[in-house]
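A quick write-up on the structure given underneath.
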Amino acid sequence: MGYSVPIIPNNPMRIASWNVNSLRVRLPQVLDWLAQNQPDLLAVQEIKLSDPEFPSAELNAAGYQCLFSGQKTYNGVAILAKIAGSDVVTDLPGLEDPQRRVLAATFGELRLVNFYVPNGSEVGSDKYAYKLDWLDKAAAFVAAEAARYPRLAVVGDFNIAPDDRDVHDPAAWREKILCSTPERQAFQRLLDIGLADSFRLFDQEEASFSWWDYRAAGFRRNAGLRIDLILASPDLAQRCIASTIDKTPRKWERPSDHAPAVADFHD
DNA sequence: ATGGTCGCGCAGCGA
């Protein structure tokens with residue numbers, strides 16, 4: 001009596017996002033990572049398989065229900081969840097697009113939007129124009145979601161490094177793809193809706209990245225970018241108690257080029 | 001400026 005104890009929130013909810021670069025290749029790693037980290041929700045990108053090929057049985061056996069919007073060879077997104085999701089959305093309003101890059105669903109109080117933002121290839125290219133148009137439609141969608149759902153998380157591979165802290169060599173990347181001003185302005189429009197980049201709610205080590213090029217020994221040199229993000233609405237952000245990048249799986253044999261972003265939230 | 005490595009799928013594209 002008379003002394004206080006730290007308040008440890010019980011039942012924190014853990015949300016993670018991981019570009020797995022082929023779920024077929026990475027399924028054993030995803031299963032290991034789920035077992036070790038026990039997220040409530042894992043948003044995955046670049047599953048690179050069609051819906052009939054989705055490995056639901058293995059993931060169900062590991063305690064995860066699966067929502068997915070698959071595509072053969074390219075793209076494809078999924079949400080692996082300990083509880084059932086509802087109100088599933090797989091397309092951006094106003095964008096006719098065969099590329100499977102969007103998956104949103106509701107889990108209890110939480111609305112989760114999983115994005116695989118287009119890479120854009122090169123500034124000024126057709127793919128770059130597609131990326132900016134996609135981001136425009138995505139912002140309108142997120143604004144509508146934010147208006148409907150107070151507890152909103154927008155996660156995924158954004159293919160944008162929000163600012164120079166998120167770039168290993170800002171001079172080399174200046175106005176290059178993933179770092180150009182129009183891309184960063186498009187990202188800022190998501191923040192302007194009221195979302196917070198959960199990673200920046202906390203002190204972080206310098207040179208913290210989530211993606212490293214397979215080429216030129218990017219990971220060994222920590223020549224990376226932070227492009228895998230967990231954004232949170234105000235109601236959710238004030239519940240955020242941690243936001244990190246788990247580099248462990250990037251060190252495994254035959255890794256994805258991305259590491260998972262992970263955030264914890266109290267009730 | 002180029003190329004370096006993966007994944008898919010079997011040549012070359014996308015990242």
Side-chain angles (χ1 to χ4, degrees), chain A residues 17-33 43-55 58-59 68-78 95 97-103 114-135 138 155-162 166-180 182-184 186-187 209-229 245-261:
Chain A
S17 176
W18 192 6
N19 180 323
V20 296
N21 186 17
S22 168
L23 185 56
R24 187 180 287 105
V25 170
R26 234 63 70 189
L27 181 61
Q29 296 187 18
V30 170
L31 291 169
D32 284 354
W33 194 83
V44 299
Q45 304 87 34
E46 282 204 274
I47 64 175
K48 294 185 173 179
L49 42 77
S50 61
D51 288 351
E53 303 173 302
F54 195 90
E58 293 90 331
L59 289 159
F68 41 88
S69 183
Q71 182 183 336
K72 181 180 158 64
T73 310
Y74 300 115
N75 309 312
V77 286
L95 187 70
D97 191 359
Q99 300 187 31
R100 302 291 80 200
R101 299 179 174 278
V102 174
L103 187 59
N114 178 15
F115 279 158
Y116 175 44
V117 175
N119 174 281
S121 184
E122 220 178 312
V123 173
S125 66
D126 289 351
K127 290 190 174 70
Y128 184 72
Y130 163 71
K131 179 179 193 173
L132 294 181
D133 181 57
W134 193 98
L135 285 164
V155 313
D157 176 358
F158 284 75
N159 269 317
I160 300 170
D166 305 309
V167 181
H168 75 278
D169 185 346
W173 283 83
R174 186 174 169 278
E175 295 302 332
K176 296 289 199 302
I177 196 67
L178 315 185
C179 299
S180 73
E183 292 167 87
R184 286 178 169 174
F187 178 73
F209 307 124
S210 67
W211 169 82
W212 302 261
D213 202 315
Y214 285 126
R215 297 167 288 186
F219 186 66
R220 183 184 56 71
R221 298 184 294 116
N222 196 29
L225 304 177
R226 190 176 68 93
I227 56 178
D228 299 275
L229 312 175
I245 297 164
D246 182 6
K247 288 161 71 172
T248 309
R250 190 63 178 78
K251 302 169 185 170
W252 292 345
E253 290 286 331
R254 209 180 179 192
S256 168
D257 45 351
H258 295 252

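First the proteins, then the strands, lettered A, B, ... as listed; each starts at 1.
- A:N75 and A:R100 share no side-chain donor-acceptor pair at under 3.5 Å.
- Shown are A:V20, A:N114, A:L23; of these, the side-chain contact (heavy atoms from CB on, under 4.5 Å) with A:Q45 is made only by A:N114.
- A distance of about 14 Å separates the P atoms of B:dG9 and B:dG14, rounded to the whole Å.
- Rounded to an integer number of Å, the gap from A:Q71 CD to B:dG7 C1' is 14 Å.
- For the 3.5 Å distance criterion, the side chains of A:N21 and A:K48 qualify, holding a donor opposite an acceptor.
- Taking every side-chain heavy atom of A:Y74 into account, B:dG14 is the closest of B:dG14, B:dC8, B:dA15.
- Mapping A:D157 and A:D213 onto DNA chain B by nearest heavy atom places A:D213 closer to the 5' end of the strand.
- Separating the P atom of B:dA1 from that of B:dG12 is a span of 26 Å, rounded to the nearest Å.
- Checking B:dA15, B:dC6, B:dC8 against every side-chain atom of A:T73, the shortest atom distance belongs to B:dC8.
- When the C1' atom of B:dA15 is taken as reference, atom OH of A:Y128 falls 17 Å away, rounded to whole Å.
- For A:K127, the listed nucleotide lying nearest its side chain is B:dG14; candidates were B:dC8, B:dG14, B:dT5.
- The aromatic rings of A:W173 and A:W211 stand perpendicular to each other, their planes meeting at an angle above 60°, with 30° marking the opposite boundary.
- Using atom P as the reference point in both B:dC6 and B:dT2, the two lie 23 Å apart (nearest Å).
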